[in-house]
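Bear in mind the structure is a predicted one, so any value in this text is a computation, not a measurement.
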2 protein chains.
Amino acid sequence: MTAHPAPRPSRRERPAKPALTREGIIETAVALMRSEGLSRVTMRRLAQELDTGPASLYVYVRSTAELHAAVLDELLGAVDLGPARADGDWRDRLVEVLTSYTAVLFEHPGLARSALVSRPFGDRYLDLLDALLALMSEGGIPRARAAWAVDLLLQFATATAAEHAPGEKDPADAEGEWAALAAALHGASGERHPHVTAAGAELLSGPGEARMDWGFQVLISGILHTPRHGTSDTSRPSLPKE
Amino acid sequence: MTAHPAPRPSRRERPAKPALTREGIIETAVALMRSEGLSRVTMRRLAQELDTGPASLYVYVRSTAELHAAVLDELLGAVDLGPARADGDWRDRLVEVLTSYTAVLFEHPGLARSALVSRPFGDRYLDLLDALLALMSEGGIPRARAAWAVDLLLQFATATAAEHAPGEKDPADAEGEWAALAAALHGASGERHPHVTAAGAELLSGPGEARMDWGFQVLISGILHTPRHGTSDTSRPSLPKE
DNA sequence: ACCTGAACACCGTTCAAGT
DNA sequence: ACCTGAACACCGTTCAAGT
């Protein structure tokens, strides 16, 4: 790519093969995910896309997990952090940012799954963290508490996206699963599971959006009311040091 | 295996090969997970353990995901639901049950991961749901709200276990990852990420246990303070119907 | 009717050997 | 010194063919 004059791209087809650098690899991985889905973003498939063997990628990328984390961080560039710098109720703006984050992940539940296991911690992720911390600081949440709270909020958003996962490729068996689940619930005997039976369809009810929004409200309200012990978290009158 | 008198187990070694039934397969899968870890619980490895070909398993199990869900439901038998029927503060007992659930999952983070994607919904899982719903009912939480709340609580517990995952088998690179993460945080420039920089080590701080406990408190408090709209959830004086 | 051998289409990762 | 062909050790799932 940056090879001096470079008379022409060496092979015939394919649109602008990126150089074999970390950036080129990740860029190609993102394109591959967009066109074929995350399940095709494998070391071997990616190497093929770059006209090399899989071993070559290990010079730039430690593992498949690390590759996926890098791809996610790239996608996180699409999260709208604007609300963090806007006016209005900080709670509402917090939810807006989180909703934008979730929307990005909903498109790629597989990445959400991988984010649950190994946090990305790239630049874009740090941008997001910073925005959320800024909003909570505005809301007067003590720093130590906010540091834990940000984790809770992102974990909820990420897990929701991960589990939403409409099969990633097979929307038919998502329905099947849902039906099986509804059947299991319905089949729950009133003897053994009286409360489940009583709750019934309520357990599965509601548009995902409303549930998620309610979840955010629960979390924010809980965060506001729950100090951390053993820190300078001063939001309750505080028990005397002993 | 169930061939009439059966003079002796056909092959020499191995301890009591279970019959090729759904129960036998799942039992073997649990044993295999205990001895070799979840990553070895594959269709092929399991078939080998049962002296057959992988294709045979598909008569009893729909897919690897379904197999893992069945294994998890089996493990859920170890969750202590006693507190649900004991005396004392319902909040404390709720946390006790959830902590027991989390402890079970901590032993097998891979299963926690799979539970995030496809809820198990076996009998043991329904037992757990029922216990949690019973406790919230005791706490006076309206049914519709409790139905959503139980999801939130279990999602948090499950995600925490899933992400705790100390490599599942390679505890060394868990440390490495943690170090990389700490480095990323430390390297966060005060220019671009002032709040992250200010929060610093706080973001990674604390024993997992304290964080989890704080998380449960946040959730319970939030649940108590956040009604669901559009249901008979009556916990706030209620805006007039319009 | 029930079960399964064998095949199809893949994986991640390593390392000895080449340039 | 840098890169990689080829191999090692696996995967899930299907289906035609056997008993």
Before accepting this row, confirm whether a basic side-chain N of the pair [X]/[Y] lies closer than 4.0 Å to the acidic partner's carboxylate O.
X: B:Asp73; Y: B:Arg119; value: no
X: B:Arg22; Y: B:Glu66; value: yes
X: B:Arg192; Y: A:Asp123; value: yes
X: A:Arg45; Y: A:Glu36; value: yes

Distance, rounded to the nearest Å, where [X] contributes [atom1] and [N] contributes [atom2]:
X: B:Gln48; N: C:dG5; atom1: CD; atom2: C1'; value: 16 Å
X: B:Arg22; N: C:dC2; atom1: CZ; atom2: C1'; value: 19 Å
X: B:Glu36; N: D:dC10; atom1: CD; atom2: P; value: 10 Å
X: A:Asp51; N: D:dG5; atom1: CG; atom2: C1'; value: 15 Å
X: B:Leu67; N: D:dC11; atom1: CG; atom2: C1'; value: 14 Å
X: B:Arg40; N: D:dC10; atom1: CZ; atom2: P; value: 6 Å
X: A:Leu57; N: D:dA6; atom1: CG; atom2: C1'; value: 16 Å
X: B:Leu38; N: D:dG12; atom1: CG; atom2: P; value: 11 Å

Considering every strand shown, what is the Watson-Crick or G-U wobble mate of D:dG18 when both distances are under 3.5 Å?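 Paired with C:dC2.
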Watson-Crick/G-U partner (both atom distances under 3.5 Å) of C:dA7: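 Pairing partner, where one exists within any strand: D:dT13.
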Hey, does A:Val97 have a side-chain heavy atom less than 4.5 Å from the side chain of A:Asp80?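 The answer is no; the side chains never approach within 4.5 Å.
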Do B:Met33 and B:His108 come within less than 4.5 Å of each other through their side chains, counting heavy atoms only?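 Side-chain contact under 4.5 Å: yes.
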Rounded to the nearest 0.5 Å, what separation is found between the CG atom of A:Leu128 and the CG atom of A:Leu98?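 Going from the CG atom of A:Leu128 to the CG atom of A:Leu98 covers 7.5 Å.
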Dump the pairs, protein N or O against N or O of nucleotides 13-17 of chain C, anything under 3.5 Å, distances to one decimal.
from: C:dT13; atom 1: OP2; to: A:Tyr58; atom 2: OH; distance (Å): 2.8
from: C:dT13; atom 1: OP2; to: A:Thr64; atom 2: N; distance (Å): 3.2
from: C:dT13; atom 1: OP2; to: A:Thr64; atom 2: OG1; distance (Å): 3.3
from: C:dT13; atom 1: O5'; to: A:Tyr58; atom 2: OH; distance (Å): 3.3

Determine the Euclidean distance between corresponding P atoms of C:dC8 and D:dA9; express it in Å to zero decimal places.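 My reading of the P atoms in D:dA9 and C:dC8 gives 23 Å.
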Counting only side-chain heavy atoms from C-beta out, which of C:dG12, C:dT4, D:dC3 sits nearest to A:Tyr60?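 Selected nucleotide (nearest to the side chain): D:dC3.
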